[in-house]
There are 2 protein chains.
Amino acid sequence: MNIRHIAKQAGVSVATVSRVLNHPENVAPKTREKIEKIIAETEYTPNWFARGLNFNKTGTIGLMIPHILNSVHMEIAKGVEDVAHQKEYIALMCNVEHDAAKEKRYLDQLIKRRVDGIIFICSSLEKKDFQLVQEQKIPVVLIGEHKNSLGLHVVSIDCKQSAKKAVNHLLESGHEKIAMLYGTEPQIENEYKMAGYKQALKEAELPFVRDYLREVENTIEGGYLGAKKLAELADPPRAIFASSDYIAFGAMDAIKDKGLKIPDDMAVMGFDNVRMSNLVEPKLTTVEVPLHKMGVYGARLLFDIIEGEEEPETEPKTILLQSKLKIRKSSGHKERIGEMF
Amino acid sequence: MNIRHIAKQAGVSVATVSRVLNHPENVAPKTREKIEKIIAETEYTPNWFARGLNFNKTGTIGLMIPHILNSVHMEIAKGVEDVAHQKEYIALMCNVEHDAAKEKRYLDQLIKRRVDGIIFICSSLEKKDFQLVQEQKIPVVLIGEHKNSLGLHVVSIDCKQSAKKAVNHLLESGHEKIAMLYGTEPQIENEYKMAGYKQALKEAELPFVRDYLREVENTIEGGYLGAKKLAELADPPRAIFASSDYIAFGAMDAIKDKGLKIPDDMAVMGFDNVRMSNLVEPKLTTVEVPLHKMGVYGARLLFDIIEGEEEPETEPKTILLQSKLKIRKSSGHKERIGEMF
DNA sequence: CTGAAAGCGCTAACAG
DNA sequence: CTGTTAGCGCTTTCAG
């Protein structure tokens, strides 16, 4: 069923049918109605490839997701999908699994498929890969901090400041021996969080203890293992700042398994404020990150560029959103203030 | 940069270039190498639309996901993506949000884009929608039980039996007043789970109490609200069987808020065995569902059909996978048996 | 307002 | 082994 069938049935040329599809205003109402009727009856839909061949517009954006089983990333993805769907675009979600090679492979696919734009969530790609995309004039937006973001639009929070805020809260709650469990992935954001941790300690004039800083897999299991090691130290810390809630969940489990009490023996602080963080026991103090909003803002920015509102040569934008402390029981704050801020 | 540029640079015809791309064995080694070199240098990639126009094969499958923030669905999706990626296919993941209209919209898109196959996870579509797809000769696999699956390949567990098994466990643990909280979505599977619940009661010759059966949103919040109502009943149940772990999590939270002890005052049983289910307190007894495996099997089945191993007119297959009880503390089993089975 | 025809980039049958 | 050429289905000038 193609445009010629329709044309024949309507007794017009293919050009006319094409017109009612693309510029209906240039067709006489009578012929237009006739053609529209036939189109409806036959449920004809123009061949997508033929269309793409002419337009080089696909109504598709690419979305790189570090890991589709991590609800932090999926919250962001949901934000992107929400606006994409509303704009009648479709988002090709790519499950990158924190693997630069896989991300690169997906990137090639996306370029090949001529997507109209790409959003990277916490990408692990390097500058030269992004340049590849820019050469193709494909608009790009990064969500999450990135070292190589120069020249690219970015939507993010300030990881370093947020981490600092978190550690400061632990300090204010009376802790001095504070450890940090930071995830291997996403690498760059966690480096910034680590920097925030170190700076907070420094400003408090506390020594930096090498043993208190551990890299772990960014999973519940990673957190479990990391906290276990910390608890087994000769001089164990009294508080743990985890770079993600998942790590914190694992840490809490390990602490309990060691027979220690949270927060009395060891306090825990997470990062992200995923839905489960106030269902574990004790409820987890954490840093609330506006995940969904980041996705929405990122997508809006991308569509502004795609739809040409934004001049392509304009200065790249960096949108920095605010994080907030969510104070709950796990951090052992002195007063019971519920959820501050 | 198109095939003609390459042909010109190599001093050959476009046909020859096309050949080295598609049937390199039919090209003289010398010319082939020359052309391959130029292709590599110029980083030429054939226009995807032009290709699709000729082949009507896209290297893409559609994947309908009820809700991308629900890790149960995403585990399945991950299974699908794993095999798709390995087969060098790309999966268009569609976030349906339990909304039949949105699912239909996505379906139209997928058909328009000529995907090579579609996998539906717990679809809410009706028979006639599936017929639409079958008319287009697009292979389809359903993951999750479905009333209208006749004539379609299905990969699933037996929800009714699994639910029955769950309720039986509660019965064996000494409970008699057992309530059920079932999620609005995915509708059909939950109907089957409910049937299992009813049958288990019947076989135990226990009365069915209308108030003990509540429909709630399939979320933590839904579970919270539902359990709260149950706890406020004049004659409250002593155990709750939830149709999903998320509902169970919410229920546990509500029970605790009411000042009741789990499992002594009220036992809780979930369904799915999501990662968090042994991190809540007490650890949640639940039904383990082989989510990832379901995705893998579904995808394999689909690719068998796509790649023609499976004759299109063959009898539709139904692959039923096994669920298992995961017995933990929340159900209040008499003996401490750890995680049975 | 409508039709004829060129062309988008690629593939494959056909001839050589 | 390679080139010519006719499509694939659609859009869009250009004439009329």
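Just so you know, these numbers come straight off a predicted model, no measurement behind them.
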**OP:** For Q187(A), enumerate each residue passing the side chain to side chain contact (heavy atoms under 4.5 Å, CB included) test, keeping only those at least two apart in sequence or located in another chain.
**Re:** E185(A), E191(A)
**OP:** Quick one: list whatever passes side chain to side chain contact (heavy atoms under 4.5 Å, CB included) with L321(B), sequence neighbours left out.
**Re:** V155(B), I157(B), P290(B), K293(B), M294(B), Y297(B), I319(B)
Subject >> Test: E307(B) and K87(B) ion pair at under 4.0 Å >> reply: yes
**OP:** For N47(B) and for S13(A), find the nucleotide of DNA chain C with the closest heavy atom, then tell me which residue's nucleotide is more 5'.
**Re:** S13(A)
Original post:
Can you list the residues that meet the salt bridge (Lys or Arg N to Asp or Glu O under 4.0 Å) rule with E189(B), with sequence neighbours excluded?
Top reply: none
Original post:
Who are the salt bridge (Lys or Arg N to Asp or Glu O under 4.0 Å) partners of K57(A), not counting sequence neighbours?
Top reply: none
**OP:** Please find the earliest and latest nucleotides of DNA chain C, in the 5' to 3' direction, that have an atom within less than 4.0 Å of any heavy atom of chain A.
**Re:** dC1(C) to dG9(C)
**OP:** Please figure out whether R114(B) or T31(B) has its closest DNA chain D nucleotide nearer the 5' end.
**Re:** T31(B)
Original post:
Using a cut-off of 4.0 Å between protein heavy atoms and nucleotide atoms, how would you tag nucleotides 11-16 of chain D 5' to 3' with B, S and -?
Top reply: BBB---
Subject >> Degree of bending, the helix from dC1(C)-dG16(D) to dG16(C)-dC1(D) (end axes from five pairs; round to 10°) >> reply: 40°
**OP:** Could you list all the salt bridge (Lys or Arg N to Asp or Glu O under 4.0 Å) pairs where at least one residue sits in residues 64-78 of chain B, not counting sequence neighbours?
**Re:** E97(A)-K78(B), K78(B)-D82(B)
Subject >> Sequence neighbours excluded - salt bridge (Lys or Arg N to Asp or Glu O under 4.0 Å) pairs with any residue from residues 6-34 of chain A >> reply: none
**OP:** For T31(A), enumerate each residue passing the side-chain hydrogen bond (donor to acceptor under 3.5 Å, both in side chains) test, keeping only those at least two apart in sequence or located in another chain.
**Re:** none
**OP:** Go through the structure and list residues passing side-chain hydrogen bond (donor to acceptor under 3.5 Å, both in side chains) with T45(B), not counting sequence neighbours.
**Re:** none
Subject >> ring-ring contact (aromatic ring centres under 6.0 Å, His included): pairs with one or both residues in residues 4-24 of chain A, sequence neighbours excluded >> reply: none
Subject >> Nucleotide dG9(D), atom C1' - distance to NZ of K8(A) in whole Å >> reply: 14 Å
